[in-house]
> 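Could you have a look at this structure, given as structure tokens, before my questions?
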There are 2 protein chains.
Amino acid sequence: MQKEITIKDIAREAGVDVSTVSRSLSGAYGIKADTRNRVLAVAQRLNYRVNRVARGLVTGRSHTLGLIISDIRNPFFTEVARGAEDAARAAGCDLVLCNSDQDATRQMEYVAALAGKRVDGILMNSVAVLDKEQKERLEAIGIPIVLLNRTRGPFSTVCADNKAGGTLAAEYLLKLGHRKVAHLTGPARHGNLTDREKAFVKAMPPDSVTVLHGENSFAGGREMAQTVLAGQPRRITAIFAGNDTIAFGVLRAILDANLKVPDDISLLGFDNVELGSIVQPPLTTIHQPSYELGQRAVETLLRLGKKDAPAENHVLPVQLIERQSCAPATQKI
Amino acid sequence: MQKEITIKDIAREAGVDVSTVSRSLSGAYGIKADTRNRVLAVAQRLNYRVNRVARGLVTGRSHTLGLIISDIRNPFFTEVARGAEDAARAAGCDLVLCNSDQDATRQMEYVAALAGKRVDGILMNSVAVLDKEQKERLEAIGIPIVLLNRTRGPFSTVCADNKAGGTLAAEYLLKLGHRKVAHLTGPARHGNLTDREKAFVKAMPPDSVTVLHGENSFAGGREMAQTVLAGQPRRITAIFAGNDTIAFGVLRAILDANLKVPDDISLLGFDNVELGSIVQPPLTTIHQPSYELGQRAVETLLRLGKKDAPAENHVLPVQLIERQSCAPATQKI
DNA sequence: TCTCTTTTTGCAAACGCTTGCAAACTAGTT
DNA sequence: AACTAGTTTGCAAGCGTTTGCAAAAAGAGA
């Protein structure tokens with residue numbers, strides 16, 4: 001590691017004070033164009049590159065944001081991350097990536113590490129709803145934070161309109177004539193999924209929907225679908241999956257059972273991950289604006305950085321993406 | 001932003017010097033257990049959190065690594081990123097995510113930004129082979145760097161064994177009796193893909209393979225497959241795609257043409273992204289250890305950080321994943 | 001009790017930058 | 001020529017740590 005070139009070197013070389021160099025470099029007002037150019041030339045010649053950590057120490061701003069999600073491999077988060085990164089970049093910030101793997105301890109470790117780094121803000125899709133102690137810790141840290149996929153709480157939030165999505169799903173399925181449907185979703189009490197579920201059930205006629213809770217994954221969807229398909233207490237004409245990943249599992253189970261989508265059974269997803277358009281048949285789903293979620297979240301975060309900015313709660317609209325996995329219900333019964 | 005608690009506060013409170021606090025906190029040798037405990041207690045009580053940027057300034061180590069890839073949404077990179085993040089975390093480092101979108105300028109901007117942040121190392125999947133000037137700039141920066149998906153060059157590299165993969169593909173297809181095949185891949189002169197292509201063509205009998213170059217994407221695969229399927233100068237029994245993403249596009253085109261995989265035509269991918277096992281039929285492919293690639297890369301990076309560490313070149317083995325998209329060739333002609 | 005080691009602590013100088021304040025100029029008025 | 005009002009610069013004090021070195025304290029051996 002060769003010696004680092006500092007503004008001192010430039011100052012010496014250009015025959016001015018370091019403060020003048022600093023001001024020239026930052027384009028501050030009050031430096032004669034002549035001097036500035038000379039300084040800039042020297043800086044260029046010496047191949048100078050500002051040391052942001054030193055600058056950060058004095059300014060107190062690190063121009064770094066933290067993104068804590070459960071797993072970047074979840075396509076939804078991939079998209080969120082991309083939106084966040086783009087927005088961060090636009091604002092001259094870097095984004096550090098943290099995978100919590102749904103582990104609350106790990107999540108809080110990351111928060112602590114990011115705080116130690118004095119990031120300008122934290123973007124987090126919290127593992128679970130925060131308990132009182134965690135909330136206090138977060139507030140004590142005093143770093144702007146915005147929570148993804150949350151709607152309430154003392155912190156700023158950015159979330160898709162899951163309730164509207166649930167309702168949308170119900171309306172669509174009803175319009176197609178489905179009166180006996182199953183909703184296969186993740187664990188109960190999972191913020192997002194629960195909102196979808198509640199709104200969906202509420203918008204459907206009483207007794208028309210069977211809800212199954214399982215693992216929030218491809219395998220989970222497959223399993224749930226298998227049990228629904230196997231023990232058939234009632235003939236089901238459509239399945240609404242809690243999200244696309246579950247839907248893919250369901251699809252696999254249906255195909256494995258030698259049934260056809262949508263001829264034998266309709267399938268509706270949620271999220272609109274890219275894969276949905278690749279799979280056969282292309283999946284009809286509720287689009288969640290994941291990229292915009294990430295984007296909006298960092299924009300909010302940046303605003304929170306300003307003095308006395310109030311918490312913001314954003315709810316982004318969802319949208320039905322009609323592809324080929326849903327068809328009108330046929331009265332086979 | 002309330003006032004930050006510093007070691008000075010602790011020092012005052014505990015009645016010792018800041019250096020003692022620093023040493024206590026870092027568990028240095030030469031502090032009486034008694035004192036240390038007292039300091040630790042005060043730190044705890046004051047809810048102290050070390051300022052890593054200050055520390056970084058004096059130690060010269062930021063415990064941050066940069067990851068520059070073209071797009072995190074590419075599932076291959078998602079996996080690489082995950083491997084990298086896990087390895088970084090294990091080493092007590094953070095990872096900042098940079099999407100270059102295949103833009104060389106943007107890539108170099110990121111390098112500069114990361115350098116300004118004084119990251120401990122950069123992990124990069126370079127957009128293109130580096131020209132002389134870029135190489136010099138990278139070297140001048142003096143930050144450890146490891147290149148992903150490269151095998152040669154003055155820098156350390158981590159790469160899957162693409163040549164072996166190409167050969168493997170050829171051997172497998174030959175074993176199944178395919179003698180007229182197409183290789184649909186990305187742009188010519190794309191490091192990775194080119195290696196695969198060359199090895200594949202070389203291992204196949206002369207004149208048995210038609211190579212098509214197109215866009216490296218789902219759409220690209222679809223298009224190339226359409227032209228192969230449409231104008232059929234010769235009957236093809238199998239397609240080897242440059243990677244899984246292309247393969248998915250090919251699959252879609254085949255399905256759209258009312259042909260069956262593998263009955264009418266066999267399809268072989270490369271990469272082994274998760275989606276491959278979800279798609280119908282499950283895709284036979286060459287597994288590239290993406291997670292390990294990321295992991296290995298940061299491990300290498302960390303080693304480079306040590307004094308006088310020599311450059312390393314790693315080639316990771318690939319592996320055939322046999323699923324259901326390939327079948328023995330039938331002599332339809 | 002008095003040296004001689006060995007620990008344990010404190011002092012002070014970095015690390016590379018920003019920034020408030022005052023000094024030194026420059027130009028504009030009178 | 002003197003005075004005022006800028007404008008351009010330099011001085012020096014930080015930002016919160018770490019760390020080499022020396023001072024102080026504590027044991028140990030006599």
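Naming: A, B, ... by sequence-line order, numbering from 1 per chain. All values below were derived from every heavy atom in this structure, side-chain atoms included, with hydrogens, water molecules and symmetry-related copies excluded.
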> To check you understand the geometry: which heavy-atom pair defines the closest contact between B/Ile68 and B/Ile122, and what is its length?
CD1-CG2, 4.0 Å
> Looking only at side-chain N and O atoms, does A/Thr35 come under 4.0 Å of OP1 or OP2 in D/dT9?
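Indeed, a polar side-chain atom of A/Thr35 lies that close.
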> So, does B/Ser19 get its side chain near the phosphate of D/dT19, meaning an N or O under 4.0 Å from OP1 or OP2?
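Checking B/Ser19 against D/dT19: no side-chain N or O falls below 4.0 Å of OP1 or OP2.
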> Quickly work out the A/Lys117 NZ to D/dG16 P distance and round it to whole Å.
18 Å
> For B/Pro187, check side-chain contact (heavy atoms from CB on, under 4.5 Å) against everything at least two apart and list the hits.
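Scan of B/Pro187 (side-chain contact (heavy atoms from CB on, under 4.5 Å), adjacent residues dropped) gives B/Asn216.
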> Provide, to the nearest angstrom, the distance between the CD atom belonging to B/Glu4 and the P atom belonging to D/dG16.
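Rounding to the nearest Å, CD of B/Glu4 and P of D/dG16 are 5 Å apart.
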> Would you please confirm or rule out a distance under 4.0 Å between OP1 or OP2 of D/dC15 and any side-chain N or O of B/Lys8?
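Affirmative; the distance criterion is met.
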> Which residue, B/Asp195, B/Asn192, B/Thr151, B/Asn149, forms the side-chain hydrogen bond (donor to acceptor under 3.5 Å, both in side chains) with B/Asn162?
B/Asn192
> Treating A/Asn125 as the side-chain partner and A/Leu148 as the backbone partner, does any N or O pair qualify as donor plus acceptor under 3.5 Å?
yes
> Any base atoms under 4.0 Å from A/Val16, or only sugar-phosphate, or nothing? Heavy atoms, all strands.
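The answer is sugar-phosphate, as A/Val16 gets under 4.0 Å only of primed atoms, P, OP1 or OP2.
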> Kindly compute the distance separating CG (B/Asp9) from CD (B/Glu4), expressed to the nearest 0.5 Å.
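Output value for this atom pair is 9.0 Å.
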> Can B/Lys32 and B/Asp34 be counted as an ion pair, charged N to O under 4.0 angstrom?
no
> Within this structure, what is the CZ-to-C1' distance between A/Arg23 and D/dT8, rounded to whole angstrom?
9 Å
> Go through DNA chain C in 5' to 3' direction and return only the first and the last nucleotide with some atom under 4.0 Å of chain B's heavy atoms.
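With heavy atoms of chain B under 4.0 Å away, the range is C/dT7 to C/dG16.
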> Roughly how many Å is it from CZ in B/Arg52 to P in D/dT17, rounded to a whole number?
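Computing the B/Arg52:CZ to D/dT17:P distance gives 11 Å.
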> Specify the separation, in whole Å, of atom CZ of A/Arg36 and atom C1' of D/dT7.
13 Å
> In whole angstrom, give the distance that lies between atom NZ of B/Lys32 and atom P of D/dA26.
6 Å
> I'd like to know if B/Asp86 pairs up with A/Arg106 as an ion pair, taking the criterion as any Lys NZ or Arg NE/NH1/NH2 lying under 4.0 Å from an Asp or Glu carboxylate oxygen.
yes
> If I take atom CG in residue B/Leu57 and atom C1' in nucleotide D/dT17, what distance separates them, rounded to the nearest angstrom?
8 Å
> Rounded to the Å, how far apart are B/Asp34 CG and D/dA26 P?
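Result: 11 Å.
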> Please figure out whether B/Thr20 or A/Leu25 has its closest DNA chain C nucleotide nearer the 5' end.
B/Thr20
> Give one of base, sugar-phosphate or nothing for A/Thr6, where a contact means two heavy atoms less than 4.0 Å apart.
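Sugar-phosphate only.
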